[in-house]
Each structure stands twice: as C-alpha cells, then as structure tokens.
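Have a look at the structure below before the remarks.
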Amino acid sequence: METQIHVPVGSPLIRKIPIFVDEHDVTAGAMKLIKVLRPAWDTSDVKTKLFTDGTTNKLVGCYVEDSPEDVVLVRVYGHKTELIVDRDNELKSFQVLHANGCAPRLYCTFLNGICYEFMQGDALGTQDVRDPSLRRLIAGEMARIHAIHAHNGCIPKPNLWIKMRRYFSLVATEFTDQASNVRIQQEVPSKAVLEQEMAWMKEHLSTLGSPVVLCHNDLLCKNIIHNEKDGHVRFIDYEYSSYNYQEPRRDSPFRSHREMQMDWLRVYLQAYKLFSQKGEEVSARELETLYVQVNKFALASHFFWGFWALIQAKYSTIDFDFLGYAVLRFNRYFETKPAAMALQIPQ
C-alpha cells in the first residue's frame, strides 16, 4: 500500500526471539533476552533501570558496569496497543531511519516487544526546547527525516484519515447508552459531532497542498535525545511513524507564539529544502504558507490524540487519566478552530 513504509533493498533481516515477557515482571523476562543477545555477560552482574515516562509500553535498560555505554533496551508492548500501533510498520520505520542514520540499532523482536540500542544523551524537557540552539538542532533533524524518500519509488499517501477513522471505530461503542464509562457521554462531544468534524477536516485540510513525507508523528520532548558531546539531537520511539502531511507542528514540541513559531519554521524549511536538494532560500510566501498549514493541521492532531486517549482509557493498564487527556484535546480543538480557520494560504 502507498501508505506503508518501504524498507530499502538489502536491509538486514530482523532477528526474532521466541520469548514472552510478562509486563508485570519485565526484569525477569529481560534477563532471558540478555542471555541470548549478550551471552558473554554474567547475568548476576547485569544492572537494570526501569524507565517510567511512557504511557504506552514498559521499558527497561540492561547493562554491566564494565561496559556502561552498551545498554540494551527491552520494550514490552502495552496491553492491547496492537489496536493503535501498527507493529509491522513500526519495525519498517526503525529500519529505514537506522539506514539513514536517524535511529539506533534494532537488536531483535520478541513475542511481545523489541530490543534495541540505547541512544546516548539526555531526553529534553519543556524548558530545554526553548533554547535557540536546541530548537535549530531539532528543526534540522526533523527536516532530515522528512526528506527521506520512499524507497519503492511510489508517491506515498498520508495515513492520517485512515488511522483517525480506525481509532474512532475502536471507541464508537463507548458513545452508546450501554457503555460502562459514563464520563464519555458527559464530557466528550457526541458521536455525531465527532463524525461531522472529521468529515469537515478531511475535506478542508486535504486541499491545503501540504506535501506527504515520512513523519515521526509523536515528537514529545521526552522523545528527543540531545547528545551534547557530539552536538546533535536524535528522535526515539517510532510507534506512530508513517507517511503523513508535512506538518512540523504536529511533529514539533513547540506550541508557542507566532514569532517563535516562524523562527523555528524558517530553520526547518531551510534544512528541508537543503536535504531535498531544492536550494536553501526560503521566501516569505513559502514560510507563511507553511505557517498556515501547520496551524490548520494542528486541529487534526487534537482529534487524533483525543481518539488515541479514549482507546487507552478503555484498554490500558497504565495508571494515567487517559479520559481526562482526551477531553483536554477535544476541548482544545474547538477552542482553536476559529482562529485556525481564519488563516489563509497566501496567493
């Protein structure tokens, strides 16, 4: 399909290990995988670190003190996340990004997760991304990924509308009188309103002329790793990577005033044109066009993550108020829609 990621010819096969890891006892399962992946390690010497920032999966890092730079990350897929994450597409994204120097090594898959290389550096916080030098590094890395061409030579199509419709279908029953979670009826817009808005967005946003590129699609601050020593940033976690509209705001952690947005978009667009071999000069019209596109597509972002959160509220075992987050995103959609719609692409 033209919405699917295509792996470059000649890419190495992904190793598959037939081990299941209990999400309630990740460390024990991780040790079984380490015996296969690092047979020279004495498992009695293996140290582990549990990462707790994720809202989708369980993640543990394994290492030995003699080689602290060699950390094997073991990620166990969260309960029912196969409903919202295309795991095959995630692996293909991992391979494509690694082949282009944008991702760590993928060591293996196991029955309910993956093992991969730890990327050296620090995960950014909300204050870090306000640093002008870091903003430019982030914009450049995003442009580099967006410029990766489709390896099968086809013109890729966005999966935004397909994915959004699928997410909605997974929670459609929650809007019925028989649904157990009454908060949805009380706090979330009705099924009819959501369907109406989705149809309107697809009709309106599809005509904005935004190119379709390879996107990360989930660029939270914690998914941006800054390697200060080497002077670069890299992005991690590719569960939602896919071909999508070139909408740096959805891929960007910045939600700020126009001046900061324009500065960031200018750096991004310069880098994108350079990586795409389209020169480097950015006209005022190109910049304004991108500004309008990203602020209009932000509406689709609110809906997408609103549906995602409703699914998580239904199935996830992680202690987080997913329903409250869904309400927040849908409310934000209706709050920002008038201003976004007032923006016009320059003629």
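Side chains included, hydrogens not; waters and symmetry mates left out as well; all remaining heavy atoms used.
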| query | Thinking salt bridges, do Lys273 and Glu281 make one under a 4.0 Å N-O criterion? | reply | no
| request: Calculate, to the nearest 0.5 Å, the distance between atoms CG and CE belonging to Leu194 and Met164 respectively. | output: 10.5 Å
| said: Taking Asp88 first and then Lys92, would you say they form a salt bridge - that is, a charged N and a carboxylate O separated by under 4.0 Å? | reply: yes
| field | Whether over 12 other heavy atoms sit under 6.0 Å from Glu228 CD | value | no
| task | Without swapping roles, check the side chain of Arg144 against the backbone of Gly101 for a donor-acceptor pair under 3.5 Å. | result | yes
| task | Hey, can you tell me if Phe168 and Phe307 have their rings parallel, tilted or perpendicular (30° and 60° cut-offs)? | result | tilted
| task | Examine Tyr240 together with Trp305 and report whether their ring centres are nearer than 6.0 Å. | result | yes
| request: Please report the closest heavy-atom contact between Leu106 and Cys115, naming both atoms and the distance. | output: CD1-O, 3.5 Å
| message | Using a 3.5 Å distance criterion without hydrogens, assess whether the side chain of Asp42 forms a donor-acceptor pair with backbone atoms of Ser44. | response | yes
| query | Atom CD1 of Ile225 and atom CD1 of Ile236: how far apart are they, to the nearest 0.5 Å? | reply | 4.0 Å
| Contact summary for Cys221 and Val129, nearest pair of heavy atoms | SG-CG1, 4.0 Å
| task | Identify the heavy atoms of Phe275 and Gly140 that sit nearest to each other, and give their distance. | result | CE1-O, 3.5 Å
| task | Would you mind reporting whether Lys163 and Asp86 have side-chain heavy atoms less than 4.5 Å apart? | result | yes
| said: Any side-chain to backbone donor/acceptor pair from Trp308 onto Ile84? Under 3.5 Å, distance only. | reply: no
| request: Provide the closest heavy-atom pair for Ser241 versus Asn89 in the form atom of the first, atom of the second, distance. | output: O-ND2, 3.3 Å
| Between Phe51 and Gly61, what is the shortest heavy-atom contact and its length? | CE1-N, 3.7 Å
| field | Test side chain to side chain donor-acceptor pair (under 3.5 Å) applied to Tyr107 and Glu117, step by step | value | CA-CA 7 Å; Tyr107 294 133; Glu117 177 185 21; 4.7 Å; no
| field | Any side-chain donor near an acceptor of the partner, Ser242 and Asn159, under 3.5 Å | value | yes
| query | Got His226 and Leu134 here, is their nearest side-chain heavy-atom distance under 4.5 Å? | reply | yes
| query | Donor-acceptor pair, Asn100 side chain versus Cys102 backbone, under 3.5 Å? | reply | no
| field | Close side-chain approach of Phe322 to Ser316, heavy-atom, < 4.5 Å | value | yes
| request: Taking the side chain as every heavy atom from C-beta outward, state whether Leu91 and Val7 have any pair of such atoms under 4.5 Å apart. | output: no
| query | Does a side-chain heavy-atom distance below 4.5 Å link Cys108 with Tyr116? | reply | no
| note | Shortest non-hydrogen pair, Lys222 vs Ala123, comes out as O-CB, 3.8 Å
| query | Are Lys296 and Met341 close enough, and set up right, to give a side chain to side chain contact (heavy atoms under 4.5 Å, CB included), and what steps lead you there? | reply | CA-CA 7 Å; Lys296 286 178 179 286; Met341 288 306 95; 3.8 Å; yes
| message | Before we go on, tell me: are the rings of Phe110 and Phe20 under 6.0 Å apart, centre to centre? | response | no
| query | Do Leu205 and Trp161 pass the side chain to side chain contact (heavy atoms under 4.5 Å, CB included) test, and can you show the C-alpha distance, the side-chain angles, and the key distance before you say yes or no? | reply | CA-CA 11 Å; Leu205 301 182; Trp161 312 118; 3.9 Å; yes
| query | Is it the case that one hydrophobic cluster holds both Leu323 and Phe334, taking links as side-chain heavy atoms less than 4.5 Å apart, direct or via other members? | reply | yes
| message | Both conditions, 6.0 Å and 45 degrees, for the charged tip of Arg258 above the ring of Tyr291: are they met here? | response | yes
| message | Check the orientation of Tyr167 and Phe304. Use parallel for under 30°, tilted for 30 to 60°, and perpendicular for over 60°. | response | tilted
| query | Is there side-chain contact between Ile184 and Leu310, with heavy atoms separated by less than 4.5 Å? | reply | yes
| message | When you compare the side chain of Arg234 with that of Asn227, does any pair of heavy atoms fall below 4.5 Å? | response | no
| request: Can you measure from CG (Leu290) to CG (Leu208) and round to the nearest 0.5 angstrom? | output: 11.5 Å
| query | Going only through I, L, V, M, F, W and Y residues with side-chain contacts under 4.5 Å, is there a path from Ile345 to Met201? | reply | yes
| Just by modelled atom types, is the Leu83 backbone N or O under 3.5 Å from a matching donor or acceptor in the Arg166 side chain? | yes
| From Leu287 atom CG to Met262 atom CE, the distance as rounded to the nearest 0.5 Å | 3.5 Å
| Check: Tyr245 main-chain N/O paired with Ser210 side-chain donor or acceptor under 3.5 Å | no
| query | In terms of heavy-atom contacts, does CD of Glu335 have more than 12 from other residues, nucleotides or ligands at under 6.0 Å? | reply | yes
| Side-chain donor or acceptor of Asn244 paired with backbone N/O of Leu214 under 3.5 Å | no
Indicate every side-chain donor-acceptor pair of residues 63-81 with a distance under 3.5 Å to a residue at least two apart or in another chain.
from, atom 1, to, atom 2, distance (Å)
Asp70, OD1, Arg38, NH2, 3.1
Asp70, OD2, Arg38, NE, 3.0
Arg75, NH1, Glu90, OE2, 3.3
Arg75, NH1, Glu239, OE2, 3.2
Arg75, NH2, Glu90, OE2, 2.6
Thr81, OG1, Gly78, O, 2.8
Thr81, OG1, Arg87, NH2, 2.8

| query | For the residue pair His204 and Trp200, does the interplanar ring angle fall in the parallel (under 30°), tilted (30 to 60°) or perpendicular (over 60°) class? | reply | parallel
| query | Counting N and O atoms only, with roles assigned by atom type, does the side chain of Glu23 sit under 3.5 Å from a partner on the main chain of Thr317, one being a donor and the other an acceptor? | reply | no
| message | Treating Gln95 as the side-chain partner and Pro12 as the backbone partner, does any N or O pair qualify as donor plus acceptor under 3.5 Å? | response | yes
| field | Asp128 and Arg135 ion-paired at < 4.0 Å | value | no
For residues 28-37, which side-chain donor-acceptor pairs fall under 3.5 Å, sequence neighbours excluded?
none

| Test item: side-chain donor near acceptor, Arg329 and His302, under 3.5 Å | yes
| Can you list the steps and then say if Asp218 with Asp237 is a side chain to side chain contact (heavy atoms under 4.5 Å, CB included)? | CA-CA 8 Å; Asp218 186 26; Asp237 292 354; 5.5 Å; no
| task | Can you establish whether the number of heavy atoms outside Glu259 located under 6.0 Å from its atom CD is more than 12? | result | no
| query | Within a radius of less than 6.0 Å around NZ of Lys202, do more than 12 heavy atoms belonging to other residues, nucleotides or ligands occur? | reply | no
| Side-chain touch Ile148/Val96, heavy atoms, less than 4.5 angstrom | yes
| field | Sidechain-backbone polar pair: Arg285 side chain, Pro346 backbone, donor-acceptor under 3.5 Å | value | yes
| query | Looking at OH of Tyr238 and SG of Cys215, how far apart are the two atoms once the value is rounded to the nearest 0.5 Å? | reply | 14.5 Å
| task | Drop me the distance from Leu274's CG to Leu269's CG, to the nearest 0.5 angstrom. | result | 11.5 Å
| request: Could you walk me through whether Phe235 and Leu97 pass the side chain to side chain contact (heavy atoms under 4.5 Å, CB included) test, one step at a time? | output: CA-CA 10 Å; Phe235 305 154; Leu97 291 170; over 6 Å; no
| For Tyr268 and Glu141, does a side-chain donor sit closer than 3.5 Å to a side-chain acceptor? | no
